[in-house]
Amino acid sequence: MSAAREFDLELHLLDRQVVDADGRMVSKVDDLELNLDDGGNPYVTAILVGPRALGPRTGGHLGRWMTAIAARLAGSQDPPRIDFGHVVDIGEEIKLGCRVDDLDVQSLEDWIREKVISRIPGSNHAS
Amino acid sequence: MNVRACLAVFTLAGVLSGCVGPATTVAAYKGKALHAAGDALSQVETAVLAADSLLSGRLMQPYTEVVISQAETDLSSIQNSFDSIQPPNSADSDKLRSTVDDMLSDGLTSLSELRIALRRSDTNTVRHRTDALRHTADQLDRFDEEHS
Amino acid sequence: MKRIFGVALGILTAIGGFVDIGDLVTNALVGSRFGLSLVWATLVGVVGICLYAEMSGRVAAITGRGTFDLVRERLGPRVGMANLVASFLVTLLTFAAEVGGVALALELATSVNYLLIVPIVGVAIWFVIWRVKFSVLENTFGLLGLVLIVFGVALWKLNPDWGDLFRQISRPHKPTDESLPVYFYYAIALFGAAMTPYEVFFFSSGGVEEKWTKKDIITERVNVFVGFPLGGLLSVAIAAVAALVLLPANIQVDTIGQVGLPVAVAAGKIALAIAILGFVAATFGAALETGLSCGYTVAQYYGWQWGKFVRPKEASRFHLVVLMALIAAVGTVLTTIDPVKITEYSVVFSAVALPLTYFPILVIANDPDYMGTETNGRISNFLASIFLVIIVVASVAAIPLMLYTKAGQ
Amino acid sequence: MRASQLIGLEVLDHAGQRIGTVTDLRCKQDGPLRGAMCAPRITGLLVSPHRLGAVLGYDRHAQHGPWLIRAIVGGLHRNLTVVPWTQVASYDGQIKLKPLGDSL
């Protein structure tokens, strides 16, 4: 990374595709978690993913409905987070240094894989 | 174009297709009679074309059966929706109604008999019914010219 | 070998995507009512889809990402969501029309009631999407769809007065007994049939599935500028044979059976059998494309793993969306709504939804951040801007015209 | 706190005068070290006088492409100002700025 690169959060980070070390698509950057450093300046500490992060930004009935259902299913308002430490490259896509299975951010994907898709024969046969 | 507008449009469009409201004026009723005659003509001519093609060996039996029974179903729904329209109380409208209704009924009977003959591969009856349909088609065509 | 498959993708998207149930029905219907006086709308649609598909294919090749991935990134989640809902519903409606189309075509071949065939078609679609390799899927239905050339043979065998046909096309005049709003309603329907949004979703996502890169841009351009005009010619042939055989007999097309009749009249049983095979291949190919596109649009918006290039287990949500779209499509046809009616609505609503994805793709195709040096050239930008106006006008006029003409009554 | 809770807020100067809405957060990658690289630290707010631009998503950056696009989209992007984060007094519900001379 070049020295102290400057960019805009919404333009270069928000809604970008997050890809893991194997190139598998993890999620979009649905929102970003900010914390204050000792100088009082906010800085990005994590990528927030899933409907609980995206819902408020989509707004309207669909947005609220999406957030409410996800929150009830997961039993908490806070969306899953990917610590910003995992990010190794901010470019066309946001690349992570780890694999998606090591992160606990795809509970819906895992649930559907277990309950539906892997039950259908041939589900691990790439085509 | 928010989500609500988009969904409302879908339901509205769904409702609109093919509903026939009650006729009010004589002219409107004539318009509906012409429209029904035109639709009926299309179904009868389809059956004639399919039967002729079958008889001249250019069309397969299953295909013909499907086309003809489809024409029969459509013609009966054309007749039902036309008959369900309340005509304005004028002698001309009543005369118009009976003329069109007779043609539609003739067409429907010929079509049903054609379908039955077809399934029995009874070529003579198919030929006769097709000629009868051709006659009904000419009537509908003349009706169309005279009144439009 | 790669290049041949590349061209196959183009042919499939041209035939399977271009000539689908929407084109078969709309072109035959318009031919039987308006003769060739509306062919200009199909030709405008062909030029439009060439531009639109080329742009989105190039965007996919350079960025390696699908249409809706970029639409959300470029427009933000709110506008992206409205875009997604509209495009998904139109694609689902088209998917239902395609499933109905396959069943109706098979009914013509077997005279088994189409409602009995629909569930079998549903299972077959799921099996092919689930197990058959992307490139195999492309080639089979691409090449099978080519047999629709039999409409061209039928047109030639009718040996029409070609001069008169050309005059009808180049100097269109509206038939006297049809009103102007109905004329323009069907112009928009033809335009929507030619420029269906799912073709672009499938084409660009297919580009990502095939892992296109910058060097594939030439293949992509060949695919588009060979594939779509070929599809356009077939559509014109379908309209022409209907105009020559059905129009004089006062037959107005409202069933698939009528669409095939001119081929039988002109060239007999074998030609018709080939045409039926073409109907099945084109509508089945298009059903796969629309089914996958339902999955592509939603998965690309949310950023889920998508695509057939990974094992289904690794793209569970994508495959679940495709499965649910398939169940919804089969369910819609099983409600006994006439599939031809569904088709007529799907092409008009395609025209309505077009600007939603065309505009962002046009913006992205000009953005050096995304495209580097491969941004639009001056000519393509000039044409693309003209089409932006055409597409917006068609989109705005579509629904008022539909309501006014009671869907072209 | 989430980025989306800052973006879209109204920005008022210390006299309570509305300047515009936050359409983006400019940042520099020189925050505390986290894993492979420094975290992006917010250095300023991008404030646009238009609300529509932010909603439509076309207020982003200089517009390329045919004149028609520039005409439709370009207009939304005219005078975008960057307000340094040090100028921000509070950001609860609205962004209130400190008096001009104060942040130096």
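Just so it is clear, the values below take in all heavy atoms, side chains as well, and ignore hydrogens, waters and symmetry mates. First the proteins, then the strands, lettered A, B, ... as listed; each starts at 1.
Heavy-atom distances place the side chain of Ile276(C), and not its backbone, under 4.5 Å from chain B. When heavy atoms are compared at a cutoff of 4.5 Å, Asp141(B) approaches chain C solely by way of its side chain, counted from C-beta outward. Looking at Val245(C), the atoms closer than 4.5 Å to chain B (heavy atoms on both sides) all sit in the side chain, from C-beta outward. Heavy atoms closer than 4.5 Å to chain C are found in both the backbone and the side chain of Thr46(B). Looking at Asp254(C), only its side chain comes within 4.5 Å of chain B, counting heavy atoms on both sides. Heavy-atom distances place no part of Ala271(C) under 4.5 Å from chain B, backbone and side chain included. Proximity to chain B (any heavy atom under 4.5 Å) is shown, for Ile337(C), by neither the backbone nor the side chain. Proximity to chain B (any heavy atom under 4.5 Å) is restricted, for Thr110(C), to the backbone atoms N, CA, C and O.
The minimum heavy-atom distance linking Gln43(B) with Gln258(C) is given by the pair OE1-NE2, 4.4 Å. What you find for Val66(B) and Glu107(C) is that their closest heavy atoms are CG2-O, 3.6 Å.
Distance check: Leu41(B) CG to Gln252(C) CD gives 8.5 Å after rounding to the nearest 0.5 Å. To the nearest 0.5 Å, the span separating NZ on Lys269(C) from CG on Leu54(B) amounts to 7.5 Å. Note that CE of Met60(B) is 11.5 Å distant from OG of Ser111(C), once rounded to the nearest 0.5 Å.
Heavy-atom pairs under 4.5 Å with chain C peak, among His35(B), Glu65(B), Glu45(B), Gln70(B), at Glu45(B). Here Leu49(B) is the residue among Val67(B), Asp74(B), Leu49(B), Asp144(B) with the most heavy-atom pairs under 4.5 Å with chain C.
More than 12 heavy atoms of other residues, nucleotides or ligands lie within 6.0 Å of NZ in Lys174(C), so this atom counts as buried by the packing criterion. By the neighbour-count criterion of 12 heavy atoms within 6.0 Å, atom CG of Asp177(C) is densely surrounded, having more than that number from other residues, nucleotides or ligands. Around atom NE2 of His135(B), no more than 12 heavy atoms belonging to other residues, nucleotides or ligands sit under 6.0 Å away.
None of Ile270(C), Leu272(C), Val265(C) except one satisfies the side chain to side chain contact (heavy atoms under 4.5 Å, CB included) rule with Arg58(B); the exception is Val265(C).
The closest side-chain heavy-atom distance from Ser42(B) to Asn250(C) is not below 4.5 Å.
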